[in-house]
**Q** 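My structure is below; once you've seen it, I'll send some questions.
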Amino acid sequence: MSTRVNHHKATPALAKALSDLSMAVSQTSIDPALKHLIDIRVSQLNGCTFCLDMHAKEAKIAGERELRLYHLTAWRESPLFSAREKAALAFTEALTQIGPHGVSDVLYRSVAEHYSEIEIAELNFAIVAINAWNRLGITSRMEPGALDGAYGLNKANLE
């Protein structure tokens with residue numbers, strides 16, 4: 001698979017703006033472990049292998065248990081995720097695969113049981129950011145692992 005457009009070279013100011021958003025999201029109150037789960041789940045849903053590869057490696061380096069990564073596609077049924085994490089993952093899926101009626105009131109109330117208004121807004125921006133990166137990765141056909149050396153992801157020891 002060959003890479004198509006390099007967004008960072010073609011539109012550096014726009015790529016920087018998205019990078020700045022991602023950096024701002026990383027400075028929010030979202031638990032970094034949850035942020036990794038969101039990034040991975042969105043990338044799974046969107047089929048972005050570059051981002052899926054990157055974020056799984058980041059999660060492992062950060063100490064995420066591999067079994068939780070394996071269970072992520074079945075998070076609803078898995079006992080390895082807390083009710084708070086499950087609410088965030090349900091919100092993640094609803095915002096990634098937006099249905100004809102958007103985010104239901106029932107789902108929003110479920111999320112609001114676990115997160116403050118500020119936290120919900122932060123989750124929303126985190127989900128928006130990874131969805132944007134996925135769309136760029138899918139369009140460009142970035143090769144999974146292509147930037148492992150530059151990002152220090154070789155330490156994950158995942159081949």
Side-chain angles (χ1 to χ4, degrees), residues 3 7-8 15-98 103 107-108 110-159:
T3 300
H7 294 89
H8 291 277
K16 183 182 181 320
L18 186 53
S19 292
D20 289 347
L21 172 62
S22 294
M23 290 303 295
V25 166
S26 73
Q27 301 302 311
T28 66
S29 68
I30 300 171
D31 176 17
L34 178 59
K35 174 69 169 66
H36 290 304
L37 296 176
I38 289 168
D39 289 345
I40 294 166
R41 187 64 188 131
V42 169
S43 299
Q44 289 172 335
L45 293 169
N46 288 329
C48 183
T49 56
F50 178 81
C51 291
L52 177 57
D53 180 84
M54 174 192 294
H55 296 298
K57 290 172 181 172
E58 287 176 339
K60 184 170 185 248
I61 290 168
E64 182 59 75
R65 293 179 7 221
E66 283 188 54
L67 188 57
R68 281 172 39 100
L69 297 178
Y70 302 148
H71 279 226
L72 190 52
T73 57
W75 61 266
R76 282 179 180 82
E77 295 79 19
S78 176
L80 300 180
F81 302 96
S82 69
R84 181 174 164 88
E85 289 171 323
K86 287 181 176 187
L89 290 168
F91 191 53
T92 296
E93 289 187 359
L95 289 175
T96 299
Q97 299 177 316
I98 299 172
V103 175
L107 174 57
Y108 191 85
S110 171
V111 174
E113 287 177 20
H114 299 279
Y115 296 93
S116 70
E117 185 173 329
I118 290 171
E119 291 171 320
I120 291 170
E122 291 172 344
L123 286 170
N124 205 340
F125 276 106
I127 296 161
V128 165
I130 187 58
N131 269 288
W133 284 117
N134 281 181
R135 275 124 181 97
L136 297 181
I138 290 165
T139 301
S140 67
R141 289 190 178 162
M142 289 284 296
E143 182 181 334
L147 298 176
D148 282 3
Y151 293 155
L153 299 176
N154 295 330
K155 311 183 259 198
N157 294 321
L158 292 174
E159 296 293 324

**Q** Does H55 reach the side chain of I130, with side-chain heavy atoms less than 4.5 Å apart?
**A**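 In contact.
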
**Q** Report the distance from atom CD of E85 to atom CG of L80, rounding to the nearest 0.5 Å.
**A** 9.5 Å

**Q** Does K16 have any salt bridge (charged side-chain N to carboxylate O under 4.0 Å, His left out) partners at least two apart in sequence or in another chain, and if so, which?
**A**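 Partners of K16 under the salt bridge (charged side-chain N to carboxylate O under 4.0 Å, His left out) test: D20.
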
**Q** Identify, with sequence neighbours excluded, every residue that meets side-chain contact (heavy atoms from CB on, under 4.5 Å) alongside A17.
**A**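 Result, side-chain contact (heavy atoms from CB on, under 4.5 Å) vs A17: none returned.
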
**Q** Using a 3.5 Å distance criterion without hydrogens, assess whether the side chain of K57 forms a donor-acceptor pair with backbone atoms of N154.
**A** no

**Q** Does anything in residues 114-140 pair up under ring pair (Phe, Tyr, Trp, His ring centres under 6.0 Å), and if so which pairs, sequence neighbours excluded?
**A**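 Every pair satisfying ring pair (Phe, Tyr, Trp, His ring centres under 6.0 Å) with a residue in residues 114-140: H8-W133.
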
**Q** Name all pairs fulfilling the salt bridge (charged side-chain N to carboxylate O under 4.0 Å, His left out) condition that reach into residues 37-46, sequence neighbours left out, sorted by first residue then second.
**A** K35-D39, R41-E93

**Q** Test L89 against L72 for side-chain contact (heavy atoms from CB on, under 4.5 Å), laying out the working first.
**A** CA-CA 9 Å; L89 290 168; L72 190 52; 4.0 Å; yes

**Q** For T92, which residues count as a side-chain hydrogen bond (donor to acceptor under 3.5 Å, both in side chains) partner, sequence neighbours excluded?
**A** none

**Q** Spell out, as yes or no, whether a donor-acceptor pair under 3.5 Å connects the side chain of E64 to the backbone of L69.
**A**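 No; judged by distance alone, with no hydrogens or angles, the pair does not exist.
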
**Q** Just how far is it from atom CE of M142 to atom CG of D53, taken to the nearest 0.5 Å?
**A** 10.5 Å

**Q** Nearest 0.5 Å, please: how far is CD in E58 from SG in C51?
**A** 9.5 Å

**Q** Is it true that a side-chain atom of T28 and a backbone atom of V25 form a donor plus acceptor pair closer than 3.5 Å?
**A**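 Looks like yes, one N/O pair under 3.5 Å.
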
**Q** Which residue pairs pass the ring pair (Phe, Tyr, Trp, His ring centres under 6.0 Å) test when at least one of the two sits in residues 22-46, sequence neighbours left out?
**A** none

**Q** Taking only residues two or more places apart in sequence, or in another chain, which ones meet V103 in a side-chain contact (heavy atoms from CB on, under 4.5 Å)?
**A**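 Per chain and number, V103 pairs via side-chain contact (heavy atoms from CB on, under 4.5 Å) with F91, A94, L95, L107, Y108.
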
**Q** Quick check: closest heavy atoms across L18 and A129, and the distance to 0.1 Å?
**A**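 In this case the closest contact between L18 and A129 is CD1-O, 4.4 Å.
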
**Q** Can you find a pair of side-chain heavy atoms, one from I120 and one from N124, that are under 4.5 Å apart?
**A** no

**Q** Looking only at heavy atoms, what is the nearest atom pair of A87 and V111, with distance?
**A**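 Residues A87 and V111, closest heavy atoms: O-CG2, 3.6 Å.
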
**Q** The criterion is side-chain hydrogen bond (donor to acceptor under 3.5 Å, both in side chains); which residues satisfy it with S78, sequence neighbours excluded?
**A**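 Applying side-chain hydrogen bond (donor to acceptor under 3.5 Å, both in side chains) to S78 gives H71.
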
**Q** When you measure from the side chain of N131 to the backbone N and O of I127, does any donor-acceptor pair fall under 3.5 Å?
**A**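 Yes, N131 side chain to I127 backbone: donor-acceptor pair under 3.5 Å.
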
**Q** Kindly compute the distance separating CG (L21) from OG (S26), expressed to the nearest 0.5 Å.
**A** 10.0 Å

**Q** If the condition is salt bridge (charged side-chain N to carboxylate O under 4.0 Å, His left out), which residues does R84 pass it with, not counting sequence neighbours?
**A** E119

**Q** Could you check if a side-chain atom of L37 sits within less than 4.5 angstrom of a side-chain atom of W75, using non-hydrogen atoms only?
**A**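 Side-chain contact under 4.5 Å: no.
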
**Q** To the nearest 0.5 Å, what is the distance between OG1 (T139) and CZ (R141)?
**A** 10.0 Å

**Q** If you count every heavy atom of other residues, nucleotides or ligands that lies below 6.0 Å from E117 atom CD, does the total exceed 12?
**A**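 Check fails, neighbour count at 12 or below.
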
**Q** So which heavy atom on L34 is nearest to which on L123, and how close?
**A** CD2-CD2, 4.1 Å

**Q** For the pair R135 and N46, evaluate side-chain contact (heavy atoms from CB on, under 4.5 Å) and give the outcome as yes or no after the intermediate values.
**A** CA-CA 8 Å; R135 275 124 181 97; N46 288 329; 3.0 Å; yes

**Q** Has I118 got more than 12 heavy atoms of other residues, nucleotides or ligands less than 6.0 Å from its CD1?
**A** no

**Q** Can you list everything that forms a side-chain contact (heavy atoms from CB on, under 4.5 Å) with K155? Sequence neighbours excluded, please.
**A**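 Partners of K155 under the side-chain contact (heavy atoms from CB on, under 4.5 Å) test: I61.
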
